[in-house]
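Both ligands and their constituent atoms are indexed starting at 1 by order of listing. Sequence positions, counted from 1, serve as the residue numbers for this chain.
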Amino acid sequence: MKKLEEVLQDWEAVIGLEVHAELTTLETKMFCNCKLEFGAEPNTHTCPVCLGLPGALPVPNKAAIESIVLAGLATNCDIEKRSMFYRKNYMYPDMSKNFQITQGPVAFCMRGHLDLEVDGAAAKERIDIPEAKEGSYVAHIGIERIHMEEDAGKMIHIGGDEGRIAGATHSLVDYNRCGTPLIELVTQPDLRTPEEARLFMQKLRQIYLAIGISDCSMEEGSLRCDGNVSLRRRGETKLGTKTELKNMNSFKNLHDGLAYEICRQAEVLEEGGIIYQETRHWDPSAKRTIVMRVKETADDYRLFPDPDLAPYDLSDEFIENVRKRLPELPDEKAKRFEETFGLSAYDARHLVEHRATSNFFEECMKEASAELAKPLANLIINDVAAYLNANPEVDLTESNLSPARAVELVTLLSKDVISSKQAKQV
Ligand code: ADP
Ligand code: ZN
Ligand code: MG
């Protein structure tokens with residue numbers, strides 16, 4: 001198989017993401033009073049509503065509607081005042097109702113976008129953008145919608161390999177997760193490289209964390225992503241047939257899975273083959289994607305308005321009250337860091353990537369003089385962030401490196417009392 005770089009010379013990759021986030025910071029489920037709790041004893045947080053017992057009636061969780069509106073406002077979406085809940089019908093053991101409540105053609109949030117600043121090695125992949133050659137460009141990524149739905153339960157397969165269904169002797173089901181409020185964001189097919197897809201996910205995660213609607217843990221599955229990808233010859237405007245990679249559970253898997261799939265599709269097409277619209281699974285250890293199923297179409301789900309849930313009529317007052325809760329978003333914070341402390345756009349952007357490092361920087365700047373901003377940013381972006389990445393259990397606010405000590409260290413460094421190597425050691 002050819003390398004990604006080589007493939008992208010002749011082919012343009014077209015990528016769209018579907019991102020699910022569980023609203024883990026809420027107290028209760030989407031349509032009942034059951035408690036939301038990760039890791040509880042199986043089947044202890046269930047009731048007739050989330051199990052779908054006959055006659056049980058759903059009542060929407062107002063806080064969940066506030067959360068999705070907040071997500072929409074933070075991603076430049078229009079908030080639709082009138083929208084409805086639908087039933088998506090299918091049968092699977094982890095969903096005892098036999099339908100999932102979701103939204104129809106009109107979702108609470110429509111027509112948003114995020115802008116990605118791409119630089120470094122990643123920028124070079126966009127051979128179609130002249131300024132990318134100089135090292136950076138901005139990608140404008142459209143968001144089709146963010147809709148509200150509920151999560152299914154969880155299957156646990158016993159006796160198979162690594163908990164997989166293949167080879168299992170029997171399966172258990174835990175309904176604690178069913179009915180968990182879930183928001184699904186669907187992008188336009190505007191992404192062009194695996195790196196842009198990764199940056200989009202990282203940025204979205206920063207935003208969701210900043211507005212506090214989810215703990216966004218990709219390992220625990222509260223943030224999940226499906227990657228859709230197709231190829232077309234450079235210069236072609238028609239979209240090619242896409243495949244969908246399911247449940248990419250880390251930024252690296254998302255990137256590597258898409259990169260592999262782009263190279264695989266190029267090989268098939270260059271050999272005169274055709275791409276089937278199918279769902280594929282990325283196997284990180286084998287480094288390949290395998291077919292899971294041929295794609296079902298929307299018709300298969302018999303979507304229809306849920307007769308138990310009245311259409312929504314959000315008031316201006318409701319929307320404005322949610323808008324008041326919008327905190328400073330990562331982009332705004334980066335802008336402020338640039339303007340207040342004279343940092344470069346690059347430094348500011350990397351400082352706000354994590355709340356821990358941006359808070360730490362601000363604490364430092366309360367005690368530091370203006371000329372220390374740049375060396376402090378360097379210390380935090382390079383050394384502190386690398387340390388935190390390598391030691392995820394460390395809480396910076398409780399570590400030995402207090403803001404006062406960091407300022408002292410950078411002061412010694414800037415006066416050449418110690419070398420940068422010694423500073424690293426400290
Ligand atoms: P489906 O009906 O298969 O769910 P959608 O039209 O709902 O497809 O799109 C799902 C996701 O796939 C969206 O993020 C969209 O941008 C992306 N997408 C749609 N068509 C293509 C394509 N030809 N190539 C790549 N991505 C695509
Ligand atoms: Zn319940
Ligand atoms: Mg779809």
Side-chain angles (χ1 to χ4, degrees), residues 11-20 26-37 40 43-53 56-61 64 75 88 95-97 101-105 107 110-114 141-147 149-153 174-181 184-194 196-197 200-201 204 224-233 236-246 248 254 257-258 261-262 265 269 274-280 292-301 303:
W11 298 94
E12 181 176 45
V14 175
I15 300 168
L17 299 179
E18 295 166 284
V19 187
H20 287 92
L26 298 178
E27 297 288 315
T28 57
K29 292 187 180 180
M30 189 60 223
F31 297 108
C32 63
N33 268 331
C34 287
K35 200 169 160 218
L36 282 183
E37 187 187 6
N43 297 306
T44 52
H45 296 314
T46 61
C47 76
V49 173
C50 53
L51 291 175
L53 302 190
L57 287 173
V59 178
N61 181 340
T75 52
K88 182 174 173 178
M95 192 184 61
S96 51
K97 289 212 300 252
I101 303 179
T102 180
Q103 293 202 278
M110 304 289 289
R111 298 170 297 275
H113 71 267
L114 287 182
I141 311 303
I143 293 168
E144 184 186 314
R145 56 191 274 142
I146 311 176
H147 62 254
E149 50 185 45
E150 53 176 350
D151 211 348
D174 175 8
Y175 289 114
N176 282 347
R177 196 177 70 177
C178 77
T180 297
E184 177 177 355
L185 178 149
V186 183
T187 75
Q188 299 288 353
D190 287 347
L191 298 150
R192 292 292 174 267
T193 64
E196 286 182 4
F200 183 91
M201 273 301 281
L204 186 66
R224 312 195 281 265
C225 176
D226 304 336
N228 298 270
V229 57
S230 66
L231 293 188
R232 61 186 173 194
R233 285 282 178 193
E236 173 68 72
T237 50
K238 226 178 98 216
L239 290 176
T241 302
K242 69 179 167 77
T243 57
E244 180 173 357
L245 300 183
K246 273 283 174 202
M248 314 300 277
L254 174 67
L258 287 170
E261 188 58 15
I262 289 167
Q265 288 188 14
L269 293 168
I274 49 172
I275 300 298
Y276 295 98
Q277 179 160 337
E278 59 196 8
T279 304
R280 300 179 71 91
M292 278 167 72
R293 57 171 186 261
V294 175
K295 176 85 187 172
E296 55 290 279
T297 67
D299 291 348
D300 296 334
Y301 291 121
L303 229 74

Establish, for the pair Arg233 and Trp11, whether the NZ or CZ atom is under 6.0 angstrom from the six-membered ring centre and no further than 45 degrees off its axis.
yes
Side chain Arg145, main chain Pro105, donor-acceptor under 3.5 Å
yes
Could you work out, for atom 27 (C) of ligand 1, the closest of Lys242, Arg232, Glu18 by heavy-atom distance?
Lys242
Can a side-chain donor-acceptor contact be found between Glu261 and Thr243 if the only test is distance below 3.5 angstrom?
yes
Could you check Glu27 against Lys35 for salt bridge (charged side-chain N to carboxylate O under 4.0 Å, His left out), going step by step and ending with a plain yes or no?
CA-CA 6 Å; Glu27 297 288 315; Lys35 200 169 160 218; over 6 Å; no
When you draw lines from the Zn ion (ligand 2) to SG of Cys47 and to SG of Cys50, what angle lies between them, to the nearest 10°?
110°
Under a 4.0 angstrom heavy-atom cut-off, which atoms of ligand 1 come close to Gln188?
16 (O)
Glu144: heavy atom below 4.0 Å from ligand 1, yes or no?
no
Roughly how far apart are Leu258 CG and Cys225 SG, rounded to 0.5 Å?
7.5 Å
Heavy atoms, side chains only, cut-off 4.5 Å: are Leu204 and Leu185 in contact?
yes
Which of the numbered atoms in ligand 1 are below 4.0 angstrom from a heavy atom of Thr187?
13 (C), 14 (O), 15 (C), 16 (O)
So, does Asp226 use its side chain to make a donor-acceptor pair with the main chain of Leu17 at under 3.5 Å?
no
Of all the atoms in ligand 1, which lie at a distance below 4.0 Å from a heavy atom belonging to Leu17?
14 (O)
Is there any N or O on Gly240 that sits under 3.5 Å from an N or O of ligand 1?
yes
N/O/S of Cys178 less than 2.8 Å from the Zn ion (ligand 2)?
no
Would you say Val186 and ligand 1 have an N/O pair spaced under 3.5 Å apart?
no
At a 4.0 Å threshold, what atoms of ligand 1 neighbour a non-hydrogen atom of Leu239?
23 (N)
Here the atoms of ligand 1 under 4.0 Å from any heavy atom belonging to Gln277 are 3 (O)
Under 3.5 Å donor-acceptor, Glu236 side chain and Arg232 backbone
no
Using distance alone, determine whether Ser230 and ligand 1 share an N or O pair under 3.5 Å.
yes
Under 3.5 Å, side chain of Asn228 to main-chain N/O of Glu244, donor-acceptor pair present?
no
Contact (N/O only, under 3.5 Å) between Glu244 and ligand 1
no
